[in-house]
Amino acid sequence: MEKLQNFINGEYCDPTKGKYIDNYEPATGKVYSLIPNSDEEDVRLAVEAAEKAFPIWSKMSIEERSKILVKLSEGIEARMDEFVQAESKDNGKPLSLAANVDIPRAVSNFHFFATAILHFASESHNMEGVGINYTVRKPIGIVGCISPWNLPLYLFSWKIAPALAAGNCIVAKPSEVTPYTAYLLGKVAQEAGMPSGVMNILHGEGRSVGDAIVKHPKIKAISFTGGTQTGENIARTAAPMFKKLSLELGGKNPNIIFADCDFKEMLSTTLQSSFANQGQICLCGSRIFVERSIYNKFKEAFVKRVATTVVSNPKDPAAKMGAVVSKSHMEKVLSYVELAKEEGGTVLTGGVQVNLEAPYDGGYYLRPTVIEGLAFDCRTNQEEIFGPVVTITPFDTEEDVLMMANSTQYGLSATLWTSDLKRAHRIADQLQAGIVWINAWLVRDLRTPFGGVKASGVGREGGWEALRFFTEPKNIFIKY
Ligand code: NAD
């Protein structure tokens, strides 16, 4: 069976203690490779390599650094098929999604930050007749990047690209549930001529290697994307060490639909925003609020489309949805369907596992699920499920829907459907969310700030925000 390796100091290597964990293929439920279960000893080696590489990488001209990162992006593009196949196999997502979204976006992430750094500037503040302040922004040093399983290379590269572009060396850890494309990245970095020790990739469980990254005193900043509870644990460890922290956490996003929306466009986008990537995108709108006058029309049309959505193996070109990421995740999602029933909800469609024929009979397939009749403040409507389950709830007034939309501990994103411009501005302004889409969903411009409020996180990624996070400003004053 294939054994994945860590990538330290420009070379692939085995974990020092020789421990491995199973890597499952969600489409079949079978183990298909082994992942190093690294620990603090591997982190120590990676930090040592990063420390040696830092003077070389941080002092390299920005143009040269940029060229290497552009090559990295081109290297992924040149191996597009290999990356697409690997991402789909590792995660269970349809091949078409990996080919159209995940891997192209990873290419763009590297290209975007490779070129953004060429234009990154800092400020000066003149004090007339007194002197001038100028601010320099320097790389932090060694930074830790930890990412989740839902959009594996997409989110991994979203962190490591700006960290590297800003001149830092990294010790990075992809999710142990989906490690494969991050594993492939080592080869691409070697081919791109990235100096040894700049990019170190360690595999393994959060509680072993993830925790060791967060605790290492020479790792000065942590950029984390994952669950809110994990973010809280990380913050608890990192805060007393005064580490810079960027936390992109969970969500329970509202999708608000007014009667005056473009119904057709809303309906097809709502299918996407509910079930893309099996509902496992932090930006999916899992609570759908519909103005009462079109509630029944929406319910009928939506349920009809959801009920005919093709759930199939990720290689099937007809598949609109593939497998969810793991057995335990599937069980968690199903347990929420049971909870919803206990809380008085009615399952309008879905709520069950899908059994495919061999070799996919052991895979983790779920029917997309729509539930109605729940109170806005019940657990099903308050807790993150992170799977193909949405609830639909009618509303009467703007005040009502805003209260319900803002009622959770989360505040990542929101979607709003209306053709009334004034209302769109009014509601967008009052939604407690870091990102609001009006008459659209998941349209992303990499220059914009990305992140959430409340329990959805601290800090912003994207554009200058990311480059500011991964640099330390120093203000220097000189007297006239
Ligand atoms: P998770 O928190 O379980 O794991 C995320 C990463 O953290 C993994 O690499 C894991 O190994 C690591 N980890 C776990 N415990 C750790 C510890 N104690 N110390 C250090 N690292 C540790 O999350 P997940 O299940 O992989 O991903 C799903 C979650 O991610 C959902 O809550 C989802 O909303 C969130 N998410 C958020 C965003 C965003 O941008 N806000 C994007 C995608 C996913």
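Every heavy atom of this structure was used, including side-chain atoms; hydrogens, water molecules and symmetry mates were not. Both ligands and their constituent atoms are indexed starting at 1 by order of listing.
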Undergrad: Does the pair Glu40/Arg44 count as a salt bridge with the N-to-O cut at 4.0 Å?
TA: no
Undergrad: Return the closest protein heavy atom for atom 10 (C) of ligand 1 as residue, atom name and distance.
TA: Glu176 OE1, 3.7 Å
Undergrad: Considering only non-hydrogen protein atoms, determine which one is nearest to atom 20 (C) of ligand 1 and report residue, atom name and distance to 0.1 Å.
TA: Gly210 C, 3.2 Å
Undergrad: So if I count the atoms of ligand 1 from 1 in the order they appear, which ones are less than 4.0 Å from some heavy atom of Phe450?
TA: 40 (O)
Undergrad: Does NZ belonging to Lys320 count more than 12 external heavy atoms closer than 6.0 Å?
TA: no
Undergrad: Distance to 0.1 Å, residue and atom name: give those for the protein heavy atom nearest to atom 24 (P) of ligand 1.
TA: Trp149 NE1, 3.3 Å
Undergrad: Answer with yes or no whether the side chains of Tyr364 and Gln278 bring together a donor and an acceptor at under 3.5 Å.
TA: no
Undergrad: Output the list of atoms in ligand 1 that are nearer than 4.0 Å to some heavy atom of Leu412, sorted by atom number.
TA: 41 (N)
Undergrad: Minimum heavy-atom separation for Pro162 and Ser157, please, with both atom names.
TA: CD-O, 3.9 Å
Undergrad: For Ser175, state whether at least one heavy atom is located under 4.0 Å from any atom of ligand 1.
TA: yes
Undergrad: Give the atom numbers and elements of ligand 1 that come within less than 4.0 Å of a heavy atom of Leu155.
TA: 42 (C), 43 (C)
Undergrad: For atom 42 (C) of ligand 1, grab the closest protein heavy atom and report residue, atom and distance to one decimal in Å.
TA: Cys282 SG, 2.9 Å
Undergrad: Determine, counting only non-hydrogen atoms of the protein, whether one lies under 4.0 angstrom from atom 4 (O) of ligand 1.
TA: no
Undergrad: Validate the cation-pi geometry between Lys327 and Tyr24: distance from NZ or CZ to the six-membered ring centre under 6.0 Å, angle to the ring axis within 45°.
TA: no
Undergrad: Quick one: does ligand 1 sit under 4.0 Å from the side chain of Ile234, the backbone, both or neither, non-hydrogen atoms only?
TA: side chain
Undergrad: Under a 4.0 angstrom heavy-atom cut-off, which atoms of ligand 1 come close to Asp211?
TA: 19 (N), 20 (C)
Undergrad: List ligand 1 atoms under 4.0 Å from Pro174, heavy atoms only on the residue side.
TA: 9 (O)
Undergrad: Among all protein non-hydrogen atoms, which one is nearest to atom 28 (C) of ligand 1, and what is the separation to 0.1 Å?
TA: Phe386 CE2, 3.6 Å
Undergrad: Any atoms of ligand 1 less than 4.0 Å from a non-hydrogen atom of Gly227? List them with their elements.
TA: 1 (P), 2 (O), 23 (O), 29 (C), 30 (O), 32 (O)
Undergrad: How far is atom 18 (N) of ligand 1 from its nearest protein heavy atom, and which residue and atom name does that atom have?
TA: Gly206 O, 4.1 Å
Undergrad: Is it the case that ligand 1 has an N or O less than 3.5 angstrom from some N or O of Asn233?
TA: no
Undergrad: Please find the pair of heavy atoms, one from Trp441 and one from Leu283, that lie closest to each other, and give the distance.
TA: NE1-O, 2.8 Å
Undergrad: Any luck finding a side-chain donor-acceptor pair between Gln382 and Ser407 under 3.5 Å?
TA: yes
Undergrad: Return the closest protein heavy atom for atom 31 (C) of ligand 1 as residue, atom name and distance.
TA: Glu384 OE1, 3.4 Å
Undergrad: In terms of side-chain heavy atoms, does Tyr336 have a donor or acceptor partner in Glu383 at a distance below 3.5 Å?
TA: yes
Undergrad: Hey, does Gly452 sit under 4.0 Å from ligand 1 if you only count heavy atoms?
TA: no
Undergrad: When only distance counts, is Asn150 in polar contact with ligand 1, meaning an N/O pair under 3.5 Å?
TA: no
Undergrad: Would you indicate which of Asn253, Ile146, Ile281, Ile435 comes nearest to atom 12 (C) of ligand 1 when only heavy atoms are counted?
TA: Ile146
Undergrad: Between Tyr410 and Gly250, which heavy-atom pair has the shortest distance, and what is it?
TA: CD2-O, 3.4 Å
Undergrad: Quick one: sort the Phe275 and Phe302 rings into parallel, tilted or perpendicular, breaks at 30° and 60°.
TA: parallel
Undergrad: Which atom names give the shortest non-hydrogen contact between Val311 and Gly322, and what distance separates them?
TA: CG1-O, 4.0 Å
Undergrad: Please report the shortest heavy-atom distance between Pro15 and Pro36, naming the atom on each side.
TA: CG-CB, 3.6 Å
Undergrad: Under 3.5 Å, is there a donor on one side chain and an acceptor on the other for Lys159 and Ser147?
TA: no
Undergrad: Can you sort out which atoms of ligand 1 are near Glu248, meaning under 4.0 Å from one of its heavy atoms?
TA: 37 (C), 39 (C), 40 (O), 41 (N)
Undergrad: Side chains of Tyr32 and Asp90: is there a donor and an acceptor less than 3.5 Å apart?
TA: yes
Undergrad: Using a 3.5 Å cut-off on N or O atoms only, is Thr230 in polar contact with ligand 1?
TA: yes
Undergrad: Is the shortest N/O to N/O distance between Arg207 and ligand 1 below 3.5 Å?
TA: no
Undergrad: Give the residue, atom name and distance (to 0.1 Å) of the protein heavy atom nearest atom 41 (N) of ligand 1.
TA: Leu249 O, 2.7 Å
